[in-house]
Colleague: 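Take this structure, written in structure tokens, and hold onto it; I'll ask about it next.
Proteins come first, then strands; the chains are lettered A, B, ... in the order of their sequence lines, and each starts at number 1.
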Amino acid sequence: MLDRALALKLLGDMLRVRRFEEKCAELYSAGKIRGFLHLYIGEEAVAAGAMRALEPDDAILATYREHGHALMRGIPAGAVMAEMYGKVEGCSRGRGGSMHIFDARARFYGGSAIVGGGLPLAIGFALADKLMGRPRVTACFFGEGAVAEGEFHESLNLASLWKVPALFLCENNLYAMGTALQRSEANTDLCEKARSYKVAARSVDGMDVLAALDATEQAVAEVRAGGGPQFIEFRTYRFRAHSMFDPELYRSKAEVEQWKKRCPIATFVERLQSEGMLDDARLAAMETEVGDEIAAAVAFAEAGSWEPVEQLTRDVYTARAS
Amino acid sequence: MLDRALALKLLGDMLRVRRFEEKCAELYSAGKIRGFLHLYIGEEAVAAGAMRALEPDDAILATYREHGHALMRGIPAGAVMAEMYGKVEGCSRGRGGSMHIFDARARFYGGSAIVGGGLPLAIGFALADKLMGRPRVTACFFGEGAVAEGEFHESLNLASLWKVPALFLCENNLYAMGTALQRSEANTDLCEKARSYKVAARSVDGMDVLAALDATEQAVAEVRAGGGPQFIEFRTYRFRAHSMFDPELYRSKAEVEQWKKRCPIATFVERLQSEGMLDDARLAAMETEVGDEIAAAVAFAEAGSWEPVEQLTRDVYTARAS
Amino acid sequence: MNDTTKVVRTTYRDALREALREAMRRDGRVFLMGEDVGRYGGSYAVSKGLLEEFGEERIRDTPLSESAFVGAGIGAALNGMLPIVEVMTCNFSLLALDQIVNNAATIRHMSGGQFSIPLVIRMATGAGRQLAAQHSHSFEGWYAHIPGIRIVTPATLEDARGMLWTALMDPDPVIMFENALLYNLEGELAAGAGAVDIDRAAVRRAGADLTLVTYGGSLGKTSRAADLLAEQGVSAEVVDLRTLRPLDMPTVLGSLAKTHRMVIVDEGWKSGSLAAEIMARAMEEAFFELDAPVARVCSAEVPIPYPKHLEDAAIPQVATIVDAALRTVSRHV
Amino acid sequence: MNDTTKVVRTTYRDALREALREAMRRDGRVFLMGEDVGRYGGSYAVSKGLLEEFGEERIRDTPLSESAFVGAGIGAALNGMLPIVEVMTCNFSLLALDQIVNNAATIRHMSGGQFSIPLVIRMATGAGRQLAAQHSHSFEGWYAHIPGIRIVTPATLEDARGMLWTALMDPDPVIMFENALLYNLEGELAAGAGAVDIDRAAVRRAGADLTLVTYGGSLGKTSRAADLLAEQGVSAEVVDLRTLRPLDMPTVLGSLAKTHRMVIVDEGWKSGSLAAEIMARAMEEAFFELDAPVARVCSAEVPIPYPKHLEDAAIPQVATIVDAALRTVSRHV
Ligand SMILES: Cc1ncc(C[n+]2csc(CCOP(=O)(O)OP(=O)(O)O)c2C)c(N)n1
Ligand SMILES: Cc1ncc(C[n+]2csc(CCOP(=O)(O)OP(=O)(O)O)c2C)c(N)n1
Ligand SMILES: [Mg+2]
Ligand SMILES: [Mg+2]
């Protein structure tokens, strides 16, 4: 039986991310956010489900498409938005921008813009916990495009060989920029690939937040029980362009429309409504709450300050005591 | 039915390599050969079998443990020995030494001392042939240690995705320096790993030259027929240390002795003798012939010349016409 | 017959595309491979339309496997092709550096001169678009440390149009760094523009009081600085290195022999920059020509930050070039 | 209490091992990982015996996966450990360069100073053992281009013994380059030798006529050159940089202010060498102190060849250092 409180939380998570990112797109057009901006719209169920299965002590590593993960991990929307603006009040002091969200308190370790570059780090995180006997999990998100990189191979092998508590969360949205999975992988069965390293693997519908949650909970339990690394493939889709510069020549409008019918938010709303867990008033209230939070985040970012130019070279190295 | 002429050829190949390398070890102690020297002793059946299945037009890429491959590919022993000495008459002009045997005529493209570094090249070689419609095969030798490198992963995927005529020849001698396979691979079934890229794979006894030949012939036939890449695991063993500096702390003498009983040369000699294909006189004649060849090679190398120091920077770039 | 009088308006991006198209048409051994060069049209739209014209065998999308596809380019070049490999940006090229240094740059010498590697690797470089620390490197000067490869840095439409073919005809590997801010550069180009030499630096503007040496994305800023300096009565000669390895020192030193003062503008991080190398060469080869110490304007020693004002502060700007030039002309031995 | 009077005979290799052992004993967060550090005993036998003492969790053999295990070191450091990662030789470190540049060197700044990466990466470097083009690189100067990492190059027994702990206590990533020819270096070391600073260069020999600046594997050759120069009446001061990034320029310039002449000895390839950077700094910061152009003795611009005579010709030698020094003292402004 679906727990109503949990369901509404998951819906709320997804809504926050969706509206936050829609606002980001708007702010990008307005020139407030610059650089590359990669939206997660369409994929919200993955992080919403996965993140709920993790504990505050666990470590998270993500990619450049990580605003949603950051929000759902509990980094305040204002700090994330200020980061997008490049303000000092941003969670990375404004230095990182959209692609480099970091937050020590949330144990959110980026925000990595080198495809596959977070995977080796994840092995080290998990190894440290194992060596120290800490019952933590390291969760590493990455796209299916990263599977072709040597880092994927080396990292999965190491994780398995050393049985470290790492959770590999592969967001398979079928495209790496304009390259479809079948053009990047000779074997498109990603779970089979993971299993070739003797890493337990499961594939799940990434458009279904409950499925995502359930799969992650199971995998986390295995990892925490000391069973070594686990791999989950989330089958999902991004509704928007890869970044703000992408003319989307590589896929058809019809394909996108087809997937949009499976919008993780709309379908979940429908389901909750049909199960009588959600009415229009409640949904409207949620939207209002989210809208308020985002408005406050934007106001926070707008009111933020620019790092003085004199501080440019601060934190390249740790300041010496002497 | 075993063809006697072929069998004697294969035996001769193995003998040449064995005696050549024994001589190298001696010359190393005498200070004539310097740098790193990696002997192939114990593994001769692999290259002897594999090389016979390839045509002159095919391309070969090998590792730093490649003297045997070079000899069996038809590079004159004198040119290989002179290379070990560092003389201009060496097949790489003396510039490469033991780890970097190259020979354009033999289509022998190294001699690569970065583990896994030859694999990406092999994809390009094979792709070129495919694009040009040339019915050639590119054969790439590497050790089981290379399987852990990202280059293995990226290359096998590319080869399979693009169906290029590449032949992956994995010499599994159970150790990468002092690291046993089970300490480097979570999954020690290398064929299963290859198959995870949808590359057809077979495993064969690398101490049996006929098995090595047979497996390679089958694989080459598949590749040449346009079936895309093939992978062969040769289960073999090196009788000597990794290089001349290795105290061999990582394996027991008993294990080495056990494997030596399966010496590819001794067992093949026995078989040929028991099948009446080889008598002591013939074997002695072969040894004499090989001994003469090696003596001539050493004499050739000894008589060779040192490249003038003035030519040090020659061939860093192609000389400009003007 | 090239008509050298008619000119067309074009962009750096289009000039690069024209060069690619010409190379593909001219020689069946040429092919282009890299991430998203085909269906996506190239991450900077340089190869847009080429897939339709040449097909997917020759405009070859690759998986995210920088080491393997760069290595494959080397192998294909060794096996008779003229490959053009696009690494999306130089930031990602570190993943392929082993192949570049240990194979591409090395095989010719190490094999005693038996093999040529007529490979061209193209990559975008440079900061200025608020892409932050992992997407803003300027590695061209760093790559120039490696013997065995040539480094070219087209800064003009002519060079965007002309360097590729020359580089492809070169028997050795050439890496072409395209500053991403230049792709939209617009201007006029001779209708018949074609291959250009890649051996010589170019004096882009003559001057008498000091020499400004630069290349690639900094040429525009340096030229604007020269304009401002002219307004202040300082006549700056602008040298565009064009090729960072091997360096055309005769041209640089020729200019220095005239002006006796020099400032180098280089978007690389200061320590260990290409600018340092040119200063070292000036020290070695023209010390007694110098009327003032050679100065440099480089990037701050910091991973490039995201916010515009910090990014601007991190990399060379017209104002900092002018400052350095004025300080240099005001010093005396 | 350290007994600083008693001395023991030891080698560079043993001093490194002692430093590893001390670090492992001192702090449970320390562990060593790399290819063949355990069962094989380390490819240069540096870690021999440590597996037996500390077990395989803390003396951790890795597969051939440079990118992953270096990245794992970064991750472990971010997660509270003090990892020591051994990359067998710097030649193979190119495979891990993305992790080093884009993660280790960058995360602190890019995250606004939230995270420290107290990681030490050790690697062997240098030519001289006839290992040819793919095993003879000297990349330490090249690495020194990267902001965010520290580069140390122990050249003495004291530094082999003492730099590791200081580096581990440093909150930022430190790469330690061990010239492979030094492992067998024998000499006396204070019995109680321990941690040493890694911020300052050291004047290894005082002199008046010129400054010889060097580091790592070239210190011995440079010192021998100074001996020969002394026989010829030239008094050379020898500065051992010790740390290549950040450079301790005050020490270098202090020596230069005394001698007014300088030669830099650096096994890196000449173009874009660390030596170039020091020449640039001299140009910028001490131009008017110079009585002669600063000179450098670097490696020839060539993949290092196998034969001894060619290898010798490719890298700095005592005779070439003496030559450069004599030329430098004979020049006048
Ligand atoms: C090593 C590397 N190569 C190329 C890029 C450029 N790039 C950025 S995102 C991307 C696609 C990645 O696809 P995927 O891993 O599936 O993640 P998605 O964007 O679909 O979430 C590419 C090619 C990069 N950032 N890093
Ligand atoms: C990238 C890289 N890392 C490390 C080394 C050092 N090294 C040389 S050979 C070797 C072992 C390779 O083992 P394997 O691939 O099984 O080949 P084998 O020596 O057994 O023939 C190692 C670690 C290297 N040459 N290249
Ligand atoms: Mg994707
Ligand atoms: Mg092996």
Colleague: Can you see which heavy atom on A:Gly178 is nearest to which on C:Arg39, and at what distance?
Modeller: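 Nearest pair, atom of A:Gly178 first, then C:Arg39: O-CB, 4.2 Å.
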Colleague: Output yes when a side-chain donor or acceptor of C:His309 lies under 3.5 Å from a complementary backbone atom of A:Glu307, and no otherwise.
Modeller: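 Yes: the side chain of C:His309 pairs with the backbone of A:Glu307.
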Colleague: Provide the closest heavy-atom pair for C:Leu310 versus A:Pro308 in the form atom of the first, atom of the second, distance.
Modeller: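 Nearest heavy atoms, C:Leu310 then A:Pro308: CD2-O, 4.1 Å.
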Colleague: So do the side chains of A:Ser184 and C:Leu64 get within less than 4.5 Å of each other, counting heavy atoms only?
Modeller: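 Side-chain contact under 4.5 Å: no.
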Colleague: List the residues meeting side chain to side chain donor-acceptor pair (under 3.5 Å) with C:His137, not counting sequence neighbours, and say none if there are none.
Modeller: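 Side chain to side chain donor-acceptor pair (under 3.5 Å) check on C:His137 returns C:Asn91.
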Colleague: Go through the atoms of C:Ser67 and report whether side chain, backbone, both or neither lie under 4.5 Å from a heavy atom of chain A.
Modeller: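 C:Ser67 has no heavy atom closer than 4.5 Å to chain A.
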Colleague: Which distance, rounded to the nearest 0.5 Å, do you find between the OG1 of C:Thr89 and the CD1 of A:Ile114?
Modeller: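 One finds 7.0 Å between OG1 of C:Thr89 and CD1 of A:Ile114.
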Colleague: Listing request: all salt bridge (Lys or Arg N to Asp or Glu O under 4.0 Å) pairs with a residue in residues 140-152 of chain A, at least two apart in sequence or in separate chains.
Modeller: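 Every candidate salt bridge (Lys or Arg N to Asp or Glu O under 4.0 Å) pair involving residues 140-152 of chain A fails, so no pair, neighbours aside, qualifies.
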Colleague: Compare every heavy atom of A:Leu312 with every heavy atom of C:Pro305, then report the nearest pair and how far apart it is.
Modeller: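 Looking at all heavy atoms of both residues, the shortest contact is CG-CD1, 3.6 Å.
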Colleague: Which heavy atom of C:Pro307 sits nearest a heavy atom of A:Gly86, and at what distance?
Modeller: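 So the minimum-distance heavy-atom pair works out to CG-O, 3.5 Å.
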Colleague: Answer yes if the side chains of A:Thr179 and C:Asp61 hold a donor-acceptor pair under 3.5 Å, and no otherwise.
Modeller: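 Per modelled atom types, A:Thr179 and C:Asp61 side chains form no pair under 3.5 Å.
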Colleague: Check whether A:Met177 gets within reach of chain C through its side chain, its backbone, both or neither, counting any heavy atom under 4.5 Å.
Modeller: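 Looking at A:Met177, backbone and side chain both touch chain C.
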Colleague: List the atom of A:Gly96, the atom of C:Ala132, and the distance in Å for their closest heavy-atom pair.
Modeller: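 Minimum heavy-atom contact is O-CB, 3.5 Å.
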Colleague: Which residues in residues 42-60 of chain C have any heavy atom lying under 4.5 Å from a heavy atom of chain A?
Modeller: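 Hits under 4.5 Å: C:Ser43, C:Lys48, C:Glu56.
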Colleague: Ignoring hydrogens, what is the shortest heavy-atom contact between A:Val309 and C:Ala313? Give both atom names and the distance.
Modeller: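 Between these two residues, the closest heavy atoms are CG1-CB, 3.7 Å.
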Colleague: Measure A:Ser92 against the heavy atoms of chain C and call it side chain, backbone, both or neither at under 4.5 Å.
Modeller: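 For A:Ser92, there is no contact with chain C at all, as no heavy atom is under 4.5 Å.
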Colleague: Top residue by heavy-atom pair count (under 4.5 Å) with chain A, among C:Val302, C:Leu94, C:Thr62, C:Ile304?
Modeller: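 Of the options given, most contacts go to C:Val302.
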Colleague: Pick whichever of A:His100, A:Glu248, A:Arg251, A:Lys87 has the most heavy-atom pairs under 4.5 Å with chain C.
Modeller: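 Between A:His100, A:Glu248, A:Arg251, A:Lys87, the count favours A:His100.
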Colleague: Between C:Gln130 and A:Arg34, is there a donor-acceptor pair closer than 3.5 Å when you use the side chain of the first and the backbone of the second?
Modeller: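 Judged by distance alone, no pair lies under 3.5 Å.
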Colleague: Taking side-chain hydrogen bond (donor to acceptor under 3.5 Å, both in side chains) as the cut-off, I'd like each qualifying pair that reaches into residues 296-308 of chain C, sequence neighbours left out, listed once.
Modeller: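 Applying side-chain hydrogen bond (donor to acceptor under 3.5 Å, both in side chains) to every pair that reaches into residues 296-308 of chain C, excluding sequence neighbours, yields C:Ser271-C:Glu301, C:Ser273-C:Arg296, C:Arg296-D:Glu277, C:Arg296-D:Glu284, C:Glu301-D:Arg245, C:Lys308-C:Asp312.
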Colleague: Which class fits the ring pair A:Tyr250 and C:Tyr40: parallel under 30°, tilted 30 to 60°, perpendicular over 60°?
Modeller: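 The rings of A:Tyr250 and C:Tyr40 lie parallel, inter-plane angle below 30°.
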Colleague: Which bit of A:Asp246 comes within less than 4.5 Å of chain C, counting heavy atoms only: side chain, backbone, both or neither?
Modeller: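 Answer is both: backbone and side chain atoms of A:Asp246 are under 4.5 Å from chain C.
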Colleague: Just so I understand: if I count every heavy-atom pair under 4.5 Å between each of A:Arg93, A:Glu185, A:Met84 and chain C, which residue has the most?
Modeller: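 Ranked by contacts with chain C, first place is A:Met84.
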Colleague: Answer with side chain, backbone, both or neither: which region of A:Tyr64 has an atom nearer than 4.5 Å to a non-hydrogen atom of chain C?
Modeller: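 No part of A:Tyr64 comes within 4.5 Å of chain C.
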Colleague: At a heavy-atom separation under 4.5 Å, does C:Glu311 approach chain A through its side chain, its backbone, both, or neither?
Modeller: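 Interface part for C:Glu311: neither.
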Colleague: Taking side chain as everything from C-beta outward and backbone as N, CA, C, O, which of these in A:Leu37 sits under 4.5 Å from a heavy atom of chain C? Side chain, backbone, both or neither.
Modeller: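 A:Leu37 has no heavy atom closer than 4.5 Å to chain C.
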Colleague: Please classify the contact of C:Ala300 with chain A as side chain, backbone, both or neither, using a heavy-atom distance under 4.5 Å.
Modeller: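 C:Ala300 touches chain A through side-chain heavy atoms alone.
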Colleague: For the interface with chain C, which of A:Arg183, A:His242, A:Glu83 has the highest count of heavy-atom pairs at distances below 4.5 Å?
Modeller: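 Sorted descending by pairs with chain C, the first entry is A:Arg183.
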